[in-house]
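Quick caveat, the model's predicted, so the values are computed rather than measured. Letters A, B, ... are given to chains in the order of the sequence lines, protein chains preceding strands, and every chain is numbered from 1.
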Number of protein chains: 2
Amino acid sequence: MYSYLVDTADRLIESTRELLWERGYVGMSPKVIMARADVGQGSMYHHFRGKADLARTAIDRTAAQMRADVSALLDGPGTATERITAYLRRDRDALMGCPIGRLTQDPGVVADPDLRGPVDEMFRWLRENLARVVGEGRDRGEFDETLDPDRTAAMIAAVVQGGYVLAKAANDPEAFDQAVEGAVALLAAQAG
Amino acid sequence: MYSYLVDTADRLIESTRELLWERGYVGMSPKVIMARADVGQGSMYHHFRGKADLARTAIDRTAAQMRADVSALLDGPGTATERITAYLRRDRDALMGCPIGRLTQDPGVVADPDLRGPVDEMFRWLRENLARVVGEGRDRGEFDETLDPDRTAAMIAAVVQGGYVLAKAANDPEAFDQAVEGAVALLAAQAG
DNA sequence: GTCTATAATCTGATAGAC
DNA sequence: GTCTATCAGATTATAGAC
């Protein structure tokens, strides 16, 4: 796997990113990371200090990618309502869950400030950007004046993260869609 | 710990319940379960077949307790709006997260039908009951006729589960409250 | 940079004595 | 019912040769 990636460190990082998503920090081992990257033990400990170092690098890369993806939607064309709806309805594999959000349930991540830090920053950034768009919509008269941007932003982010939980529990992506559409409908009703 | 519990099996179950909540299935080991319960290895393998058996028993007990707690709120007094708000604002240690919801992020639970089953049933039950109350509120004129009970129920359950994710990411219970209050405000606006 | 060897500890059990 | 002994394999590295 990852044979298309020439760089050894790069293959290790991609392997770690996938495993963090699939199994979390406590659920993955250096051995499995190396096997998936097709990299020997000596190479791994040459490029990284260990499991935590690899995880930190992988989390940073995933967070950066997510910021770019979300920015494209929230700063794209359309009204505030349209951009928020685009974020909510964004194409997702609901059964995979959120590669950053799942880390909040991981005792190994929560216990290590170096690992929790990027997760914290990511959600802080997300909520700020959602709140900004909600505020824009409110100022343009799309939403009621009384709508609180911060709370609404937190609700939107929570519905997405919770939607993954429902989908995984039911082993059915439809549960995610139901939650998202429930939120879209309430926001639309509020706008009208 | 658990010295007040006379029964050995009971102490093992309580220990497992706590560890599943704190560390998840892949993050806990029989050794730690036994140490916390102050029970020897021989006793543990006498009462249970192993880690999975213990976890199954612990999850069932936690799910039963949660059903009772939620029923008390949803089937209690008050309008539909009041009961749903009571569920959303229910006293919680947001930084602890949901003892059932966190299991959906656990590869060891998701991979084992015996362990995922009770989690699936719990959320199915929760969504059905929330949908029933939303439906009652709609029929009584508390909510707009166009409000979809199933989607709204999924949204409510998702906001709670996602609220835990935000709180853990920020290491601050306030994030949970923000998400919940965002949902309460949207539901209230819908009612008006 | 990559390889193999080594190691202390943990994991999740089984076996059999008491 | 509870105890200790034992076990094969995983975990998370370090050491030193190549």
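Atom CD1 of B/Ile33 and atom C1' of C/dC10 are 14 Å apart (whole Å). In this structure, the CG atom of B/Leu19 is 12 Å from the P atom of C/dT11, given to the nearest Å. One interatomic measurement links the two molecules: CE of B/Met34 to C1' of C/dT11, which rounds to 11 Å at whole-angstrom precision.
Each of A/Arg61, A/Arg36, A/Arg23 was checked for a salt bridge (charged side-chain N to carboxylate O under 4.0 Å, His left out) with A/Glu18, and the lone residue meeting it is A/Arg36.
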Could you go through residues 160-171 of chain A and list every donor-acceptor pair under 3.5 Å that involves a side-chain atom there, pairing it with any protein atom two or more places apart or in another chain?
from: A/Tyr164; atom 1: OH; to: A/Arg92; atom 2: NE; distance (Å): 2.8

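Taking every heavy atom of both residues into account, B/Phe143 and B/Ala80 meet most closely at CE1-CB, 4.5 Å.
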Checklist entry - When you look at B/Leu20 and B/Ile59, which way does the side chain to side chain contact (heavy atoms under 4.5 Å, CB included) test go after all the steps? => result CA-CA 8 Å; B/Leu20 276 175; B/Ile59 293 171; 3.8 Å; yes

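Under the 4.5 Å side-chain heavy-atom criterion for ILVMFWY residues, no single connected hydrophobic cluster contains both A/Leu73 and A/Leu187.
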Checklist entry - Which letter, B, S or -, goes with each nucleotide of nucleotides 2-14 of chain D from 5' to 3', with contact meaning a protein heavy atom under 4.0 Å? => result BB------SSSBB

